[in-house]
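Below is one structure, written out as structure tokens; the observations come after it.
Computed from a predicted structure; not experimentally measured.
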Amino acid sequence: MSKPSIIALDADDTLWVNEPFFRETEDKFCGLLEDFMPHHSISQELYKIEMQNMELYGYGIKAFMLSMVETVYKVTDHKASLDLVSRVIELGKDMLAKPVELLPGVEKVLKQLQGKYRLVLATKGDLLDQERKLIKSGLAKYFHHIEVMSNKKQEDYLRLFGRLDCRADQFLMVGNSIKSDVLPVLELGGQAVHIPFHTTWVHEEVKKPIQRSDYVRLSAISELIDHLDKIQ
């Protein structure tokens with residue numbers, strides 16, 4: 001493993017809390033529809049509709065809201081009242097108004113890395129929402145480049161490499177998702193650090209273990225500095 005010159009960091013559940021808000025909202029959503037279907041069945045129907053809508057809506061809270069509305073009509077056989085739909089929309093708006101809760105050690109680590117590496121924020125989701133969270137976080141000042149991606153597949157990272165004018169072997173990605181932050185970068189020849197978060201969306205789960213010299217799993221972002229210091 002060689003010393004990277006660029007360190008890219010995911011945002012949601014790597015720098016700040018995100019997934020617990022989705023799970024909390026999903027629980028409330030299922031509660032609204034419990035007269036029509038059991039909780040677990042509603043959750044399964046919502047996930048199925050989210051997957052069907054992925055190519056159209058992408059990721060983020062707004063896509064989640066639209067899928068919740070569609071699920072309402074599916075579960076109620078199109079008998080849902082406008083009041084019920086309105087309550088679902090309010091659940092989404094409540095998510096958009098959530099404060100940004102930084103994960104422990106994040107800002108301290110960014111301060112230590114700034115100036116030593118080109119720091120990049122590389123996250124996926126809704127542009128307006130991610131910009132809002134970045135402003136609220138107060139972390140924008142640490143990043144050389146900010147990239148909000150519609151997805152995190154190999155072709156998306158290749159476009160990012162082009163914008164940064166860098167080779168894959170100069171690039172290190174740090175994130176909580178094996179599927180989005182680790183595997184695509186490793187397949188392109190970059191390096192990756194996985195920092196698991198206690199809650200992971202099932203769509204991002206990967207069970208297969210990774211054993212490679214260009215990959216490491218850390219338990220917290222505070223361990224990133226020591227890891228980088230060990231790279232020659």
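In this structure, Ser180 and Lys124 have side chains that are in contact, with non-hydrogen atoms separated by less than 4.5 Å. Contact annotation: the side chain of His39 approaches that of Cys30 to within less than 4.5 Å [non-hydrogen atoms, C-beta and beyond]. Two residues are said to be in side-chain contact when any heavy atoms from C-beta on lie closer than 4.5 Å; Ser222 and Lys108 fail this criterion. Inter-residue side-chain proximity for Phe143 and Leu9 is flagged as met; some heavy-atom pair is nearer than 4.5 Å.
Taking each heavy atom of Leu228 and Lys3 in turn, the nearest pair found is O-NZ, 2.5 Å. When all heavy atoms of Leu186 and Arg212 are compared, the pair lying nearest together is O-NH2, 3.3 Å. Of all the heavy atoms in Ser137 and Val100, the pair that sits closest is CB-CG1, 3.9 Å. Across every non-hydrogen atom of Trp16 and Asp12, the tightest pair is NE1-OD1, 2.8 Å. Considering every non-hydrogen atom in both Val148 and Gly125, the closest pair reads CG1-O, 3.7 Å. A pairwise comparison of heavy atoms in Asp129 and Asp126 identifies N-OD2, 3.0 Å as the closest pair.
At least one donor-acceptor pair under 3.5 Å links the side chain of His194 to the backbone N or O of Asn176. Side chain of Ser86 to backbone of Leu82: no donor-acceptor contact under 3.5 angstrom is found. Glu131 places no side-chain N or O within donor-acceptor distance of the main-chain N or O of Leu128, the cut-off being under 3.5 Å. With hydrogens and angles disregarded, no donor-acceptor distance shorter than 3.5 Å links the side chain of Glu45 to the backbone of His40. Of the possible donor and acceptor atoms, one in the side chain of Asp13 sits under 3.5 Å from a partner among the backbone N and O of Asn18. The backbone N or O of Gly190 lies less than 3.5 Å from no partner atom in the side chain of Arg167, so there is not a single donor-acceptor pair.
Grouping the Ile, Leu, Val, Met, Phe, Trp and Tyr side chains by contacts below 4.5 angstrom, directly or via other members, places Met173 with Leu158. One hydrophobic cluster, built from ILVMFWY side chains closer than 4.5 Å, cannot hold both Leu66 and Leu32; they sit in different ones. With hydrophobic clusters built from ILVMFWY side chains whose heavy atoms lie under 4.5 angstrom apart, Leu127 does not share a cluster with Ile135. By the rule that hydrophobic residues join a cluster once side-chain heavy atoms approach within less than 4.5 Å of another member, Tyr142 and Leu224 end up as members of one cluster.
With rounding to the nearest 0.5 Å, the separation of OG in Ser43 from CG in Leu33 is 11.5 Å. Taking OG1 from Thr71 and CD from Glu26, the interatomic distance works out to 9.5 Å, rounded to the nearest 0.5 Å. The CD1 atom of Ile195 sits 9.5 Å away from the CG atom of Leu103 when rounded to the nearest 0.5 Å. To the nearest 0.5 angstrom, Ile42 atom CD1 is 7.0 Å from Phe29 atom CZ. For the atom pair NZ of Lys62 and CG of Leu96, the computed distance is 7.0 Å after rounding to the nearest 0.5 Å. The structure places CG of Leu139 at 5.0 Å from CG of Leu102, a figure rounded to the nearest 0.5 Å.
Evaluation of the side-chain hydrogen bond (donor to acceptor under 3.5 Å, both in side chains) test over residues 147-156, restricted to residues two or more places apart or in two chains, returns Asp10-Lys152, His145-Glu147, Glu147-Arg163, Lys152-Asp181, Gln154-Glu187, Asp156-Arg159.
The local environment of CG in Asp83 is crowded, with over 12 non-hydrogen atoms from other residues, nucleotides or ligands closer than 6.0 Å. Enclosure of atom NZ in Lys48 is not indicated, since only 12 or fewer non-hydrogen atoms of other residues, nucleotides or ligands lie within 6.0 angstrom.
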Check step by step if side chain to side chain contact (heavy atoms under 4.5 Å, CB included) holds for Ile61 and Phe21.
CA-CA 10 Å; Ile61 294 173; Phe21 298 143; over 6 Å; no
Determine, stepwise, if the pair Val193 / Tyr215 fulfils side chain to side chain contact (heavy atoms under 4.5 Å, CB included).
CA-CA 6 Å; Val193 171; Tyr215 161 81; over 6 Å; no
Met65 vs Ile89, side chain to side chain contact (heavy atoms under 4.5 Å, CB included): CA-CA, chis, key distance, verdict
CA-CA 6 Å; Met65 290 171 67; Ile89 292 172; 3.9 Å; yes
For side chain to side chain contact (heavy atoms under 4.5 Å, CB included), just list the numbers for Phe36 and Lys79, CA-CA rounded to whole Å, side-chain angles, deciding distance to a tenth of an Å, and then say yes or no.
CA-CA 11 Å; Phe36 298 91; Lys79 296 180 176 66; 5.6 Å; no
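Partner of Leu15 under the side-chain contact (heavy atoms from CB on, under 4.5 Å) criterion, out of Val106, Val174, Val109: Val106 alone. Among Ile225, Asp229, Ile231, the single residue meeting the side-chain contact (heavy atoms from CB on, under 4.5 Å) criterion with His227 is Ile231.
Here Lys28 pairs with Glu24 in a salt bridge; the nearest charged N to carboxylate O distance falls below 4.0 Å.
For the residue pair Ser219 and Glu223, a side-chain donor N or O sits within less than 3.5 Å of a side-chain acceptor on the partner.
Applying the side-chain contact (heavy atoms from CB on, under 4.5 Å) rule to Ser67 yields the partners Leu46, Ile49, Glu50, Asn53, Tyr57; only residues at least two apart in sequence or on another chain are considered.
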Let me check something: any side-chain donor-acceptor pairs from residues 113-123 under 3.5 Å, sequence neighbours excluded? List them with distances.
| unit_1 | atom_1 | unit_2 | atom_2 | d |
| --- | --- | --- | --- | --- |
| Gln114 | NE2 | Lys141 | O | 2.9 |
| Arg118 | NH1 | Leu164 | O | 3.4 |
| Arg118 | NH2 | His144 | NE2 | 3.3 |
| Arg118 | NH2 | Leu164 | O | 3.1 |
| Thr123 | OG1 | Gln130 | NE2 | 3.1 |

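Relative ring orientation between Tyr157 and Phe171 is described as perpendicular, the plane-to-plane angle rising above 60° on a 0-90° scale split at 30° and 60°.
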